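Report on one structure; see the data block that follows.
Below, chain A is the first sequence line, B the second, and so on; all start at residue 1. FYI, side chains are in, hydrogens and waters are out, and symmetry mates aren't considered; it's all heavy atoms of this structure. The structure displayed is predicted, hence computed values, not measured ones.
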Amino acid sequence: MIFLIAQVIVDVASQQTDHVFEYLIPPELDDVTIGSRVVVPFGRRKVQGFVVNLVNQTNYQGKLKKLLLVVDEQAPLTPELVELSQYLADNIFAYRISILKTMLPRVMRANYRKIVTASSGVDNPLFTNGIFELTGKEDLKIIISLKSLIKAGKAKIEYLVENQAKEKLEKCYNLVFTKEQYQDLTKEIRKNAKQQQILINFILTNFGKFPLRQSILAQAGIKTETLKNFCHKGWLRSKLVETYRNPLREYENQKIKPVNLNDEQAAALKQINQKIEQQEAETFLLEGVTGSGKTEVYLHAISQSLKVGRNALMLVPEISLTPQMVKQVHARFGKEVAVLHSALSEGEKYDEWRRIRRGEAKVVVGARSAIFAPLTNIGIIIIDEEHESSYKQEDTPRYHARDVAIWRSKYHHAPLILGSATPSLDSRARAQKGRYHLLTLKKRANKQALPEVKIIDLRKSEFAGSQFDLTSELVDAIKTRISQQQQVILLLNRRGYANFMLCRDCGFVLECPNCDLSLTMHRDVGQMICHYCGYHEAIPNKCPNCHSKAIRFLGTGTQKVESELNELLPLAKVLRMDVDTTRRKGSYKKILDAFGRHEADILLGTQMIAKGLDFPNVTLVGVINADTGLYLPDYNASEKTFELLTQVSGRAGRAEKKGQVLIQTFNPDHYAIKLAQSQDYEAFYQTEMKIRYQGNYPPFFFTTLISVASKNEQNAAKEAFIIKRQLMHQLHQPTIILGPTPSAISKIKNLYYYQILVKYKHEPKLKAILHQIQDAAQEKKKYGLNIYIDNQPNRIM
DNA sequence: AGCACGCCGACT
DNA sequence: GTCGGCGTGCTC
């Protein structure tokens with residue numbers, strides 16, 4: 001079927017352009033398909049766009065323009081992804097173009113340039129080599145004079161759409177003679193030309209395997225100069241071929257056999273495999289205690305999917321995409337694996353993505369955005385640590401990878417596994433209702449007992465040293481473990497040295513001038529730093545308000561605990577891991593590798609150390625303050641605390657040696673902490689559900705958060721009230737509308753935030769109303785009002 | 001979004 | 001007169 005017209009979503013993110021624009025397909029571009037990336041004329045500019053449909057009829061009254069270019073040989077988006085973008089646009093209040101762009105590697109975003117070229121004979125000092133490139137930062141005067149030149153026909157403006165995606169090329173060598181002819185050539189080579197002889201022998205022994213890539217020849221010890229020489233003599237011909245930047249190169253040639261499953265794992269797998277074979281969509285919630293071997297079940301399910309000729313997609317949280325984990329999957333599935341995560345360079349991401357798109361990779365492992373991997377024929381989707389909040393993107397498009405996974409699972413008639421030791425209440429409740437199929441793993445795979453967890457009541461404990469951070473009990477336990485050459489993980493969910501500066505005379509707290517937050521003291525850099533906007537100033541030595549010397553730095557961070565440990569345990573080596581020590585690329589891996597080699601006794605860090613780490617020599621986990629997240633004004637504060645404590649406890653005693661966990665808290669009777677102690681997820685689930693029911697919170701209600709931001713506090717509040725009135729007008733019982741209230745951090749980067757929370761059970765009209773609010777938001781942006789809509793937000797603070 | 005058109009006040 | 005400020009409307 002030949003189509004005449006392409007329907008295109010153009011790369012202009014705005015309300016008024018958030019629909020298809022139609023273009024004629026010129027005969028030379030008849031390779032265009034649904035999902036093609038194209039360049040089109042748009043007004044007097046040129047923009048990139050994506051073809052979402054091909055048709056033969058149009059309702060458009062004006063004259064259609066023609067497509068200018070089809071950018072890629074193979075359409076980057078599959079028809080499935082094009083369809084998915086429409087579903088998401090309807091549900092997450094984002095422009096379709098923003099969704100299409102997030103589905104692709106960053107290098108496939110167009111680079112737009114505007115170039116003014118002088119006509120021949122025009123000599124104007126503005127131009128260099130007859131060209132002036134507009135960057136958008138020029139003086140008004142310059143723009144005016146350029147415009148008048150263009151008007152007078154003395155210059156032309158050109159709009160360029162550049163493709164940033166570059167393929168890596170590698171030199172490759174082709175044969176030009178027959179084997180016999182090469183054999184004859186051997187005689188022409190002088191006896192002392194060792195390099196040439198090596199090469200000719202190589203050619204003869206590897207005959208038939210050519211063309212060969214430079215990298216392979218180099219591995220065989222053949223020098224570039226010799227190859228050049230042969231090409232010069234006409235004995236070989238070189239050409240450039242496309243190659244992949246391979247992030248997994250270092251893992252090549254390792255293959256590990258699957259591990260046998262215990263009866264629980266096998267029973268779970270059987271249910272999953274059945275759905276893989278029958279090609280039926282079903283969501284499984286795999287609830288398994290830490291160390292129960294969920295990963296092994298995933299790997300078997302992936303094998304099964306490959307066995308029936310289908311592909312597999314697996315998501316893991318960014319933080320647990322450690323080399324350890326990637327290695328494991330790669331060792332099992334070898335070259336069929338593609339990985340997608342933030343540690344890859346843009347080029348590597350692009351190449352891994354292309355291997356997937358071309359069907360060369362059958363197993364994809366990646367972080368959140370890998371849920372858009374252009375895999376076809378998916379047989380299984382897995383989301384590990386499904387409770388992780390990082391699966392929801394925090395800025396637009398605010399998609400949740402879990403929702404996308406459910407959509408894709410239905411599209412492909414493939415099962416979806418959501419795995420966790422501490423499932424999100426949402427998922428667990430759905431399993432209760434029968435919407436998900438619950439599978440449980442209660443035993444640890446290596447038959448190790450769960451670690452023994454003890455709570456230390458900070459209100460009646462003795463402290464080691466002069467500070468009130470480390471109890472004697474914890475420090476003694478650390479000493480014991482270190483004396484036995486074992487290692488310790490310590491969690492403190494706060495970075496910096498001290499949380500805030502307080503003046504004892506006037507009560508002044510040093511705050512960020514741009515945000516509604518106190519500044520954190522970072523002693524190593526001598527600065528008070530805002531953790532939200534990065535503002536910093538020197539640490540004061542007297543109160544900035546009353547000039548009293550009686551100032552105190554209160555609240556403990558990882559830096560302070562680090563120095564206390566150095567004081568109390570001068571012989572112990574401590575590695576600190578938080579945002580401050582892992583900012584540089586690769587430093588994360590460096591710290592973990594060093595700890596793995598036992599170059600340190602204690603790993604002290606924020607929540608980034610709580611998840612997925614597997615160090616067999618760690619037998620003690622200490623939580624320095626379990627209360628940091630407990631009283632945040634958010635409905636899921638208990639859930640997050642329980643999750644964190646359970647996850648971090650799971651780091652202890654993963655091998656033969658029994659683990660021990662010590663949790664320091666001021667709230668030893670809080671249910672989240674008590675149940676984390678007994679590591680009883682089911683009991684926590686039951687308790688928390690009652691509280692959610694009483695408070696009308698998820699999973700009993702759906703939520704949507706609408707926030708309004710403005711430089712002017714009154715304007716933000718006023719707009720929020722207008723929106724509330726609009727909602728009240730159209731929504732009914734039992735929908736609850738809370739607010740507007742200032743957000744928990746009412747000012748960030750000099751913008752004031754007001755928010756409204758809509759809690760609803762069934763509100764079919766809500767989507768339409770929110771779309772109206774979003775449409776109106778475009779207009780209000782002009783007056784400095786930003787309106788954000790977040791469906792099922794992670795946080796409602 | 002970004003670009004042009006068009007209408008109105010200010011200034012050489 | 002015309003320069004240039006911003007409001008308005010369109011892009012297949």
Taking the six-membered ring of [Y], is the NZ or CZ of [X] close enough (under 6.0 Å from the centre) and on axis enough (within 45°)?
| X | Y | result |
| --- | --- | --- |
| A:K761 | A:F701 | yes |
| A:K749 | A:Y532 | no |
| A:R354 | A:Y350 | yes |

In this structure, how many angstroms lie between the [atom2] atom of [N] and the [atom1] atom of [X], rounded?
| X | N | atom1 | atom2 | value |
| --- | --- | --- | --- | --- |
| A:Y112 | B:dC3 | OH | P | 12 Å |
| A:L54 | C:dC12 | CG | P | 19 Å |
| A:I157 | B:dA4 | CD1 | C1' | 12 Å |
| A:K63 | C:dT11 | NZ | P | 14 Å |
| A:F21 | B:dA1 | CZ | C1' | 11 Å |
| A:R113 | B:dG2 | CZ | P | 17 Å |
| A:Y23 | C:dT11 | OH | P | 10 Å |
| A:F42 | C:dT11 | CZ | C1' | 4 Å |

Note to self: What residues from residues 45-53 of chain A pass a heavy-atom cutoff of under 4.0 Å to DNA chain B?
What the structure shows: A:R45
Checklist line | Proximity to the side chain of A:T17 - top-ranked nucleotide from C:dC12, C:dT11, B:dA4 | finding: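 Output: C:dT11.
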Check: Which word best sums up how the rings of A:F132 and A:F127 line up, parallel for under 30°, tilted for 30 to 60°, or perpendicular for over 60°?
Finding: perpendicular
Note to self: Using a 4.0 Å heavy-atom cut-off, does A:K781 contact any base of the nucleic acid, only the sugar-phosphate backbone, or nothing at all?
What the structure shows: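 It contacts nothing in the nucleic acid.
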Next item on the list: Answer with base, sugar-phosphate or nothing: what part of the nucleic acid does A:Y95 contact at a heavy-atom distance below 4.0 Å?
Entry: nothing
What donor-acceptor contacts under 3.5 angstrom involve side-chain atoms of residues 82-89 of chain A, with partners at least two apart or in another chain?
residue	atom	partner	partner atom	Å
A:S85	OG	A:V82	O	2.6
A:S85	OG	A:R96	NE	2.9
A:S85	OG	A:R96	NH2	3.3
A:Q86	OE1	A:R96	NH1	2.9
A:Q86	NE2	A:D90	OD1	3.1

Notebook entry, point to check: Given the rule in the side chain to side chain donor-acceptor pair (under 3.5 Å) test, do A:Q15 and A:D775 qualify, once you have shown the distances and angles that lead to the verdict?
Noted result: CA-CA 6 Å; A:Q15 191 48 237; A:D775 292 357; 2.9 Å; yes
Next item on the list: Mark yes or no for whether A:K640, through its side chain, and A:D634, through its backbone, hold a donor-acceptor pair below 3.5 Å.
Entry: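 Not confirmed, A:K640 side chain does not pair with A:D634 backbone.
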Note to self: Donor-acceptor check, side chain of A:E318 to backbone of A:S342, threshold 3.5 angstrom: yes or no?
What the structure shows: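 Checked: pair present.
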Check: Under a 4.5 Å cut-off applied to non-hydrogen side-chain atoms, are A:R398 and A:Y788 in contact?
Finding: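 Answer yes - side chains close enough.
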Notebook entry, point to check: Any side-chain heavy atom of A:Y399 within less than 4.5 Å of one from A:F372?
Noted result: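 A:Y399 reaches A:F372 side chain to side chain.
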Checklist line | Test side-chain contact (heavy atoms from CB on, under 4.5 Å) applied to A:V10 and A:I97, A:V40, A:D18, A:V38, the passing residue | finding: A:V40
Item checked: For DNA chain C, the dot-bracket pattern of Watson-Crick and G-U pairs whose distances stay under 3.5 Å, | for other-strand partners -> |||||||||||.
Note to self: Between A:Q778 and B:dA1, is there a contact of a side-chain N or O with OP1 or OP2 at under 4.0 Å?
What the structure shows: yes
Shorter than 3.5 Å, N or O on both sides, protein versus nucleotides 3-10 of chain C: list them out with atom names.
residue	atom	partner	partner atom	Å
C:dC10	N4	A:Q16	OE1	3.3

Checklist line | Within residues 96-111 of chain A, residues whose heavy atoms come under 4.0 Å of DNA chain C | finding: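 Contacting residues: none.
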Next item on the list: Before accepting this row, confirm whether a basic side-chain N of the pair A:E162/A:R113 lies closer than 4.0 Å to the acidic partner's carboxylate O.
Entry: yes
If we ignore angles and hydrogens, is there a donor and acceptor under 3.5 Å between the side chains of [X] and [Y]?
| X | Y | value |
| --- | --- | --- |
| A:K767 | A:N791 | no |
| A:S518 | A:E511 | no |
| A:R795 | A:N636 | no |

Next item on the list: Indicate for each nucleotide in nucleotides 5-12 of chain B, in 5' to 3' sequence, whether protein heavy atoms under 4.0 Å reach the base (B), only the sugar-phosphate (S), or nothing (-).
Entry: --------
Check: Can you check whether A:H762 and A:Y760 have ring centres sitting under 6.0 Å from each other?
Finding: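 No, the ring of A:H762 stays outside the 6.0 Å limit from the ring of A:Y760, centre to centre.
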Note to self: Distance check, rounded to the nearest 0.5 Å: A:I723 atom CD1 versus A:L770 atom CG?
What the structure shows: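 That separation rounds to 9.5 Å.
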